[in-house]
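Notes to accompany the following structure.
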Amino acid sequence: MRTRVHGWRWRRNPLRRRSDVVEAWWALAVGVLLSVGAPLAGAGAAWWTYDGAREQAAAQRAAQHHVRAVLVKDSPPAVPTTPGNGLRSFPVPVRWTGSDGIARTGLVRVPAGLRRGTRLYVWTDARGGIVRPPSNASVIRQHTLAMGVFTTTGALFAVFLAHLCVRRALARRRLAQWECDWARTEPEWTRRTA
């Protein structure tokens, strides 16, 4: 039957080595970093990303214009899609009038089956060219969540890697100490001389 003594590295003991104390403190630090540090790093990165994405979306909304456009041609007819594939969209020419009053044309992806003359809205930049719409709240939340999860995962990986390196260094130091101690003890124990 085997008995484990908890906290033996913290107690005064003549068999306790300095590396045992270092390992005990390191284990405590790793526990704190894994349970508190990594989640806080992820939350901080997510907060920073959320603020930046909201500012960027607000700047895009301020610089872009939402204008009404008209389809110039019919979009291709609906194509049967496999389940879970969603609706297909096709690039179709549209015509719109820019904020400067000049009529423009360009390609916009629209769902299949729309007829010529259908009205829809597009986003344009200051020069009147079609641009992607500004990020909405859903995209901002997805980006924020992804950055938070990846940062937390990266912090966990970094702590785990550091833990492995410290454990390996401590094990090497212990083996070197044992070898040195054995070199002193072996001649007396085996009655051999060097």
Side-chain angles (χ1 to χ4, degrees), residues 1-64 81-89 109 123 125 131-194:
M1 192 161 111
R2 190 172 168 182
T3 304
R4 258 192 115 152
V5 179
H6 295 288
W8 69 271
R9 290 181 171 126
W10 300 98
R11 297 184 186 140
R12 294 234 176 255
N13 184 338
L15 298 177
R16 183 184 72 176
R17 300 166 295 221
R18 183 171 178 211
S19 62
D20 294 331
V21 175
V22 170
E23 188 173 11
W25 281 106
W26 176 248
L28 180 65
V30 166
V32 169
L33 287 173
L34 290 177
S35 61
V36 177
L40 280 178
W47 193 279
W48 177 73
T49 301
Y50 181 73
D51 287 344
R54 282 190 52 194
E55 289 173 10
Q56 183 181 13
Q60 286 175 343
R61 275 191 217 93
Q64 297 173 355
T81 60
T82 57
N85 200 12
L87 295 175
R88 294 198 49 184
S89 61
R109 293 193 75 82
W123 286 91
D125 58 12
V131 293
R132 290 178 176 240
S135 300
N136 59 18
S138 174
V139 170
I140 291 172
R141 279 192 301 272
Q142 288 173 359
H143 190 193
T144 299
L145 181 64
M147 285 302 291
V149 167
F150 288 142
T151 302
T152 301
T153 303
L156 290 172
F157 180 73
V159 169
F160 182 69
L161 188 63
H163 179 65
L164 289 178
C165 291
V166 168
R167 292 279 309 247
R168 177 173 278 182
L170 288 172
R172 258 196 244 139
R173 182 172 173 84
R174 261 186 242 138
L175 288 174
Q177 286 174 345
W178 285 341
E179 188 174 332
C180 185
D181 290 344
W182 181 249
R184 278 186 282 145
T185 306
E186 186 208 11
E188 294 174 17
W189 189 60
T190 60
R191 307 266 190 247
R192 283 194 336 195
T193 58

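The first residue of the sequence shown is numbered 1, and numbering continues consecutively from there. These values consider heavy atoms only, across backbone and side chains, with no hydrogens, waters or symmetry-generated copies.
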Expected list for residues 139-164: side-chain donor-acceptor pairs under 3.5 angstrom, two or more places apart:
{"from": "Thr144", "atom 1": "OG1", "to": "Ile140", "atom 2": "O", "distance (Å)": "2.8"}
{"from": "Thr151", "atom 1": "OG1", "to": "Met147", "atom 2": "O", "distance (Å)": "2.8"}
{"from": "Thr152", "atom 1": "OG1", "to": "Gly148", "atom 2": "O", "distance (Å)": "2.9"}
{"from": "Thr153", "atom 1": "OG1", "to": "Val149", "atom 2": "O", "distance (Å)": "2.8"}
{"from": "His163", "atom 1": "ND1", "to": "Trp26", "atom 2": "NE1", "distance (Å)": "3.0"}

**Study point:** Side-chain H-bond candidate by donor/acceptor type, Arg173 with Ser19, under 3.5 Å
**Key:** no
Review point. Taking atom CZ of Arg174 and atom CG of Leu170, what is their separation to the nearest 0.5 Å?
Key: 5.5 Å
Review point. Around Arg132, counting heavy atoms of other residues, nucleotides and ligands shown, do more than 12 lie under 6.0 Å from its CZ?
Key: no
Using a 3.5 Å cut-off and no angle test, enumerate the donor-acceptor pairs between side-chain atoms of residues 38-57 and protein atoms at least two apart in sequence or in another chain.
{"from": "Trp47", "atom 1": "NE1", "to": "Asp51", "atom 2": "OD2", "distance (Å)": "3.3"}
{"from": "Thr49", "atom 1": "OG1", "to": "Ala45", "atom 2": "O", "distance (Å)": "2.7"}

Check your understanding: What are the two closest heavy atoms between Gln64 and Pro134, and how far apart are they?
Key -> OE1-CD, 3.3 Å
Review point. Which distance, rounded to the nearest 0.5 Å, do you find between the CG of Asp125 and the CD of Gln60?
Key: 11.5 Å
